[in-house]
Amino acid sequence: MNIQTLLNQRIQAAMTAAGAAETAPALVRQSAKVQFGDYQANGIMGAAKALKMNPREFAQATLEKLDLSDVADKVEIAGPGFINIFLKDLWLGKELAQLRTSDRLDIGEVSKPETVVVDYSAPNLAKEMHVGHLRSTVIGDAVVRTLEFLGHNVVRQNHVGDWGTQFGMLLAYMERLREESTEISMVLSDLETFYRAAKTCFDDDEAFATRARELVVALQSGDAECLKLWDEFIEISLRHCEETYAMLGVSLERQHVMPESAYNDDLQNVVNELTEQGLLKESNGAQCVFMEEFANKEGEITPIIVQKTGGGFLYATTDLAAVRFRQHTLNADRVLYFVDARQSLHFQQIFTLSRKAGFVKPETQLEHMPFGTVMGSDGKPFKTRSGGVAKLSALLEEAQERAYKLVASKNEDMDEEELRNIARVVGISSVKYADLSKNRTSDYVFNWDTMLSFEGNTAPYLLYAYSRVASIVKRSEIDVASLTGDINIIEAQERALAVKLCQFEEAIQQVVNDGMPHFLCAYLYDLAGTFMTFYEACPILNAEDETKNSRLQLALNTASTLKLGLSLLGIETLERM
RNA sequence: GCUCUGUUAGCUCAGUUGGAUAGAGCAACCGCCUUCUAAGCGGUAGGUCACUGGUUCGAAUCCAGUACGGAGCGCCA
């Protein structure tokens, strides 16, 4: 149930009936302050202006066409021409009872499902996943889960980097180890060390560097021996990624991997098509596309290079091939790219060119969902204490260890197995939530103490709130499914909780519209806080029968909403902590 | 140099697309455990939304400029 949508429709219809243009939006929002009601419509002033009417008079005219008596018990005009809506307690209670009847919390699936291709995570297989992959992976996964929940057809695409010059170096190093009869799988268990060793040879040993370059050529021209070696490397590297995904609780699997190499055979076709369309231009020996959209004020254009001098293809060429694949083979209605903000220009160019070249239908949406950098406390990109790039797996191990210390200190007589499990959930979710709860586009500072704190907008706070509700439900010893009866809203804290519970769908909607899970995080944090206040003020299990029944239903609704909301973010809940 | 992007409380962050008196958490201060998990709750204090001008009924939000920061910019991905 979406109150905002309901009110928007009703008020907009009333505005139209009162003489406004059909396109004039009602602009219904949750009210900023309690004295302004639960919702406010901000669209009256704008519409009145277009009609050259006094806004309060137009508000009055709108009210005369508006009947909200089923959902609101007060609708008033305020200030310059706001319409404030005070929802009816009885109606809220009925709606909440309705939510409880479905495990989807009465949130419907979309009437027209779209095929949404989501490009996220995309690690480079030459190295191990590091902290830089956290954002794309975690945010992308939350959006994917939410889109799927709403009934869209989601196609995950893990565009892993498995192709390019650096693989020559790695293959040359594998070759050398094999000659020395070293057990390769052992050495590859630490990709980071392997990469550094290979790099050292490449930089210091001319013969090695030459061999590395030969191997790149051999690889790209399909040499069987070389491909075998490469396959072996890729397989091991992918398994590393999968271990990290499993630890993180990310829904990416092998079938979602669509590597750069998969587009290799199509790259010449991309260039040919661009040539046929007269979009290509040779410049200093390279094949480029110059689009006036990317000119500066002097008229100089930043080109896209799709084929370099000597015939090699580039990053842009692969991405163009990927766009075509996603349109023509995957039938995308919408493609979301969760990729670092530094690549904004690149994606603007790819999208613009894809449209010009007809690689996508005009109605297909291509959206870059950029995100900022994870910073250290010094305000520079996050590094380990030794100054290196932080490996994601090591980071997650540390999170669990830190969580273990916290959890153990609070639960002295809990058995080891449960402690470990709680520490795992708290540790992992803290890292994920710290990332998810920030506006995706901004940089944020990585701080263990803040993310593992039980205070503020953190995973531990939400998990604790959930376990408190869960504990009540358990203690009530009531068959949850059979619990019926009215939800009576009497205390202010009950009302606040009831309204908040009815706003879940609004929060979910924001996640899929803008690819921004932090709206859902903010909602859940708000809900948890509202519940805590209710919990302190309104005894549940010790209340009289009817009140107890009503409050228990509010608690159950809170539990279901927190659990479902967190699951959409890819976060597990705990019944006890 | 050009092009993006950012600047909100001492710190970390929100701010629903232009709405009413700008919100949280931390840190500081004051309270609340013989009743459902105090890993909690209530309260006090803290702001020239970087600066200047503009647009209009109304600006943290839109436009222009200035200062400072970050990123990107022809053959890496």
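All values derive from a computational prediction rather than experimental measurement. Chain letters run A, B, ... following the sequence lines, proteins first, then strands; residues in each count from 1.
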Glycosidic conformation of B/C32, syn or anti, with 90° from 0 as the boundary? anti
Kindly confirm whether the side-chain ring of A/Tyr525 is stacked on the base of B/A24, judged by centres under 5.5 Å and planes under 30°. no
Closer than 4.0 Å, any side-chain N/O of A/Arg342 to the OP1 or OP2 of B/A77? no
Checking B/G15, B/G72, B/G74 against the side chain of A/Leu345 (C-beta onward), the nearest is B/G72
Is the number of heavy atoms from other residues, nucleotides or ligands within 6.0 Å of CD (A/Glu76) greater than 12? yes
Output yes when at least one side-chain N/O atom of A/Tyr444 is less than 4.0 Å from OP1 or OP2 of B/A14, else no. no
When rounded to whole Å, the CE to C1' distance for the pair A/Met375 and B/A71 reads 10 Å
Sub-6.0 Å ring centroid separation between A/Phe504 and A/Tyr523: yes
Is the distance from OP1 or OP2 of B/A38 to the nearest side-chain N or O of A/Lys410 less than 4.0 Å? no
Tell me if the centroids of the rings in A/Phe351 and A/Tyr337 come within less than 6.0 Å of each other. yes
Rounded to whole Å, NZ of A/Lys380 lies from C1' of B/A71 at a distance of 16 Å
Nearest-angstrom distance from the residue atom CE of A/Met451 to C1' of B/G25: 15 Å
Can we say A/Glu575 and A/Lys563 salt-bridge, meaning some charged N sits less than 4.0 Å from an Asp/Glu carboxylate O? yes
For A/Lys297 and B/C2, give me the distance from atom NZ to atom P, rounded to whole Å. 5 Å
For A/Val426, does its backbone N or O pair with a side-chain atom of A/Ser430 as donor and acceptor, under 3.5 Å? yes
Given B/A22, is OP1 or OP2 found less than 4.0 Å from the side-chain N or O atoms of A/Lys33? no
Would you say A/Lys438 reaches B/A14's phosphate, i.e. side-chain N/O to OP1/OP2 under 4.0 Å? no
Between B/U16 atom P and A/Asn8 atom CG, what is the distance in whole Å? 16 Å
Looking at the rings of A/Tyr461 and A/Tyr525, which for Trp means the six-membered one, are their centres under 6.0 Å apart? yes
What nucleotide, of B/C75, B/A39, B/G74, holds the atom closest to the side chain of A/Asn411? B/A39
Nearest of B/C41, B/A20, B/U16 to any side-chain atom of A/Ala32? B/A20
Does B/U61 have a Watson-Crick or wobble mate here (both distances under 3.5 Å), and if so which one? none
Check whether the aromatic ring of A/Phe82 stacks on the base of B/A20, taking stacking as ring centres less than 5.5 Å apart and planes within 30° of each other. yes
A/Ser471 side-chain N/O to B/U37 phosphate OP1/OP2 under 4.0 Å: yes
Atom P, compared across B/C11 and B/A67: separation rounded to whole Å: 24 Å
Are OP1 or OP2 of B/G15 and a side-chain N or O of A/His518 less than 4.0 angstrom apart? yes
Side-chain N or O of A/Thr458 closer than 4.0 Å to phosphate OP1/OP2 of B/G25: no
When you compare B/C26 with B/A50, how far apart are their P atoms, in angstrom units rounded to a whole number? 25 Å
I want to check one thing: is the phosphate of B/C73, taken as OP1 and OP2, less than 4.0 Å away from some side-chain N or O of A/Asn296? no
OP1, OP2 of B/C73 versus side-chain N and O of A/Ser344: anything below 4.0 Å? no
